[in-house]
Amino acid sequence: MADSTAEERSLNFLEEIVEADLQSGKYKAIHTRFPPEPNGYLHIGHAKSICLNFSLAMKYGGKTNLRFDDTNPVKEETEYVDSILEDVNWLGFKPSNVFYASDYFEELYGFGVKLIQKGLAYVDESSSEQIALQKGTPTEAGVVNEYRSRSIEENLRFFKEMREGKFADGAKVLRAKIDMASPNMHLRDPVLYRIKHANHHRTGAAWCIYPMYDFAHGQCDSIEHITHSICTLEFIPHRPLYDWFIEKLEIFPSRQYEFARLNLNYTVMSKRKLLELVNEKYVSGWDDPRMPTISGLRRRGYTPESIRNFTERIGVQKRDNLIDVSLLEFCIREDLNKTAKRKMVVFDPLKIVISNYPESIEMLTSEDYPEAAEKNSYRELPFSRELYIEREDFMEDPPKKFFRLAPGKMVRLKSAYIIQCNEVIKDGSGKITELRCAYLPESKSGADSSGLKVQGTLHWVSISQAINIELRLYDRLFKVENPGMESGDFKDYINPGSLHVIPYAFAEPSLRNAKFSEGYQFIRKAYFCLDKDSSDEKIIFNRTVSLKDAKKG
RNA sequence: UGCCCGAUAGUAUAACGGUAGUACGACAGACUCUGACUCUGUUUGUCGAGGUUCGAAUCCUCGUCGGGCAACCA
């Protein structure tokens, strides 16, 4: 029989859970959610979570909500909401619904009232310092204070007055009444509501009390009937609390599952550190092409496909990890190799004169997509007597395995002719200023009757038609694999050479019409994309990723 | 000194009591009008000690190591 199982990939642990829930009839359909706090830009780690949540629902015919966890007005801004919406969309996902935790403030308040009525919450007037002190330590139980035994009526009245704005910030909080001696610190009467007279980006001044994460997140999941609430490992200790609220409030039983967050080497991933890089101008902004943000990767030339593919390849597990960026680079090369248009650009020019070529211009053709036969097309390239080649592609005294140009040696000029170097011209200081070469007319690309086989093929541009472009070459932002784990300030490990600008490179004229939507491969060099800083006077390209380079020495 | 997670090549990830496999990386070779791509080959692994079993990466016990938990942050 045919090998029908050949394509099957083994399930990850979340898929196993979902399949079991579906098979047992626990759920007829699953519902996931991606719940960012709009306090910063999304990064590649969020992409893992986004792909996980959306892909899981898509695979099993369910839905995924995008929900902004906007319960802390002093940190959140509309600018971040907009960028998150853009990034999720760019990654290729369409949320079933876009919700906000702030949509549920009234319901959440009601949950607080309900808990008080059940004798499971109380208004505490202690300062945050006192509360912290009374919590004890992981090895010592906490202590109960006098507010814990307040009457239900008094709690109800104070909670209402908190909402009405009768108290100053910090004067009172609503706390759950659970267990001040629990070995799990999160169960030692966690704060549910705090007073913040602050403007909220969506609700304005309508509220002056805001729910804490633990009292908002699970309840929002429940309100939306989220079946599988997937978050990162650090929330494991919160799960008993998550379940406690569901049980006491008697609401839809969403379940929380945790996976290991993505760590990438040679970068940092925490919002706090990324914000620091932006604020202190180590990078040009959240979308600096060196940033691991979605917007940075987008500007760098990464495609949504490559990022989705990357998150698929790294898998999902519960063990901590530090993924090698080389895998991310592999994914973008794999994509761009098939989709990027080939172009010729000389970074560091060396002039060559084809002595036996006439004073005229010939138009040659070259393939745009050599790796995608089905969509291949061709472009025209001007060829003339005076050309630029890459300075590093010539050596006066080459080692044995040097496949490029040298005195007396022959190479092919890509999509053009075979040439031979006859003469090296230098200035007074000994610097090579020009090469005199001869071409073989019968070696024309596509109509080669020379019978010659040469070892090297070089990229080139015709001097008089070449256009000038700026190249921005990026390298890893940090010198060490895990800057966040090093001693001292992580910024001490920033790679000073992470950006190298080539202000004047020489490009084939077709690049004048470069589009933001296209990726390009500058043959034998790297993949590039048009940068948004480009203007009519200056065309700027970002190096997305270099080509693999097997050259020795 | 408490509680909770976790541990398979360099990095990730499979094997669900029955031959430790795959990808990326590295190295070597073939091919090449990109020293790219593609193809071929090589390299390196079950944290440790006991136990259960005909058989253990997998189950049990005890260690070891790594991570998390004491914000009116999420």
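The two residues A:A260 and A:N321 make their nearest non-hydrogen contact at CB-ND2, 3.8 Å. Residue A:P441 comes nearest to A:Y439 through the heavy atom pair CD-O, 3.3 Å, listed as atom of the first residue, atom of the second, then distance.
Atom C1' of B:U46 sits at a distance of 15 Å from the matching atom of B:U19, rounded to the whole Å. Spacing between B:A14 and B:A7 at atom C1', rounded to whole Å, works out to 16 Å. Taking the C1' atoms as reference points, B:G45 lies 13 Å from B:A12, given to the whole Å. Taking atom P on both B:A74 and B:C39, the two are 50 Å apart, rounded to the nearest angstrom. Nucleotides B:U52 and B:C59, compared at atom C1', are 8 Å apart to the nearest Å. Taking the C1' atom of each, B:U43 and B:G29 are spaced 15 Å apart, rounded to whole Å. The same atom, C1', is picked in B:A56 and in B:G17; the two are 7 Å apart, to the nearest Å. Between the P atoms of B:G21 and B:G41, the separation comes to 14 Å (whole Å).
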For a quick check, with a 4.0 angstrom heavy-atom cut-off, what is the B/S/- contact string for nucleotides 69-74 of chain B, read 5' to 3'?
SBSBBB
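Between A:R524 and B:G35, a side-chain N or O to OP1/OP2 separation shorter than 4.0 Å is present. Taking side-chain N and O atoms only, A:Q317 has a distance below 4.0 Å to OP1 or OP2 of B:A14. For the OP1/OP2 pair of B:G25 and a distance below 4.0 Å, the side-chain nitrogens and oxygens of A:K548 include at least one atom meeting the criterion. In terms of phosphate contacts, A:R319 brings a side-chain nitrogen or oxygen within less than 4.0 Å of OP1 or OP2 of B:U13.
A donor-acceptor contact closer than 3.5 angstrom links the side chains of A:E79 and A:Y41.
Distance CD (A:E140) to P (B:G2): 13 Å, rounded to an integer number of Å. If you take CD of A:E258 and P of B:C5, they are 10 Å apart, rounded to a whole angstrom. Atom CE in A:M485 sits about 13 Å away from atom C1' in B:C65, given to the nearest Å. In this structure, CG of A:N263 is placed 11 Å from P of B:G68, rounded to the nearest angstrom. In this structure, CG of A:D179 is placed 15 Å from P of B:C3, rounded to the nearest angstrom. B:U13 atom P lies 14 Å from atom CD of A:E15, rounded to whole Å. Taking atom CG of A:L440 as the reference point, atom P of B:C33 lies 16 Å away to the nearest angstrom. Separating the CD atom of A:E481 from the C1' atom of B:G10 is a distance of 9 Å, rounded to the nearest angstrom.
Looking at heavy-atom distances under 4.0 Å, A:I523 makes contact with a base. When heavy atoms are screened at a 4.0 angstrom cut-off, A:G446 is found touching base atoms of the nucleic acid. Across all strands shown, A:L322 has heavy atoms under 4.0 Å from sugar-phosphate atoms exclusively, and none from any base. Within the nucleic acid shown, A:I314 comes within 4.0 Å of sugar-phosphate atoms alone, with no base atom in reach, counting heavy atoms only. At a threshold of 4.0 angstrom between heavy atoms, the contacts of A:R188 with the nucleic acid are absent. A:M344 comes within 4.0 angstrom of nothing in the nucleic acid, heavy atoms only.
Applying ring-ring contact (aromatic ring centres under 6.0 Å, His included) to A:Y193 and the options A:Y122, A:Y210, A:F159 leaves one that passes, A:F159.
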Before you tell me yes or no, could you show the steps for A:D169 and A:R194 under salt bridge (Lys or Arg N to Asp or Glu O under 4.0 Å), namely the whole-Å CA-CA distance, both residues' side-chain angles and the distance that decides it to 0.1 Å?
CA-CA 8 Å; A:D169 288 8; A:R194 75 286 214 190; over 6 Å; no
Criterion side chain to side chain donor-acceptor pair (under 3.5 Å) on A:Q219 and A:Y242, from CA distance to verdict:
CA-CA 8 Å; A:Q219 284 77 336; A:Y242 185 104; over 6 Å; no
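Judged by Watson-Crick or G-U wobble contacts below 3.5 Å, the nucleotide B:C65 has B:G6 as its partner. With a cut-off of 3.5 Å on both Watson-Crick or G-U wobble distances, the partner of B:G45 is given as none. Base-pair partner of B:A23: B:U11 (Watson-Crick or G-U wobble, both distances under 3.5 Å). For B:C39, the paired base is B:G29 (Watson-Crick or G-U wobble, both distances below 3.5 Å). Using Watson-Crick or G-U wobble geometry with both donor-acceptor distances under 3.5 Å, B:U58 finds no partner in any strand shown. Using N1 to N3 plus N6-O4 or O6-N4 for Watson-Crick, or N1-O2 and O6-N3 for G-U wobble, each under 3.5 Å, B:C72 pairs with nothing.
Of the candidate nucleotides B:C33, B:G2, B:G25, B:C33 has the atom lying nearest to any side-chain atom of A:K414. Ranking B:A14, B:C24, B:C4 by closeness to the A:N12 side chain, first place goes to B:A14. When distances are taken from the side chain of A:S10 to each of B:A36, B:U1, B:A14, the shortest belongs to B:A14.
For the segment residues 45-53 of chain A, the set of residues with a heavy atom within less than 4.0 Å of an atom of RNA chain B is empty.
Evaluation of atom-type donor-acceptor distances gives no pair under 3.5 Å for the side chain of A:S415 against the base of B:C33. Between the side chain of A:E371 and the base of B:U38, no donor-acceptor pair under 3.5 Å is found. Contact of A:E16 with B:C16 (side chain to base): a donor-acceptor pair of N or O atoms is detected under 3.5 Å. Between the side chain of A:R313 and the base of B:U13, no donor-acceptor pair under 3.5 Å is found.
A donor-acceptor contact shorter than 3.5 Å is absent between the side chain of A:R188 and the backbone of A:D179.
Looking at which nucleotide of RNA chain B each of A:E334 and A:F522 is closest to, the 5′-most match is held by A:F522. If A:V316 and A:A416 are placed on RNA chain B by their nearest nucleotide, the residue sitting closer to the 5' end is A:V316.
By the 6.0 Å and 45° rule, A:R342 does not stack over the aromatic ring of A:Y520. The cationic group of A:K318 does not satisfy the cation-pi geometry with A:F259, failing either the under 6.0 Å distance to the six-membered ring centre or the 45° limit from the ring axis. A:Y527 does not carry A:R543 over the face of its six-membered ring by the limits of under 6.0 Å from the centre and within 45° of the normal.
Aromatic ring centres of A:F105 and A:H200: separated by under 6.0 Å. Taking the six-membered ring for Trp and the full ring otherwise, the centers of A:F310 and A:Y302 sit at least 6.0 Å from each other. Between A:Y388 and A:F506, the distance from one ring center to the other falls under 6.0 angstrom.
Using a 30° and 60° split on the angle between ring planes, A:H238 and A:H186 fall in the tilted class, from 30° to 60°.
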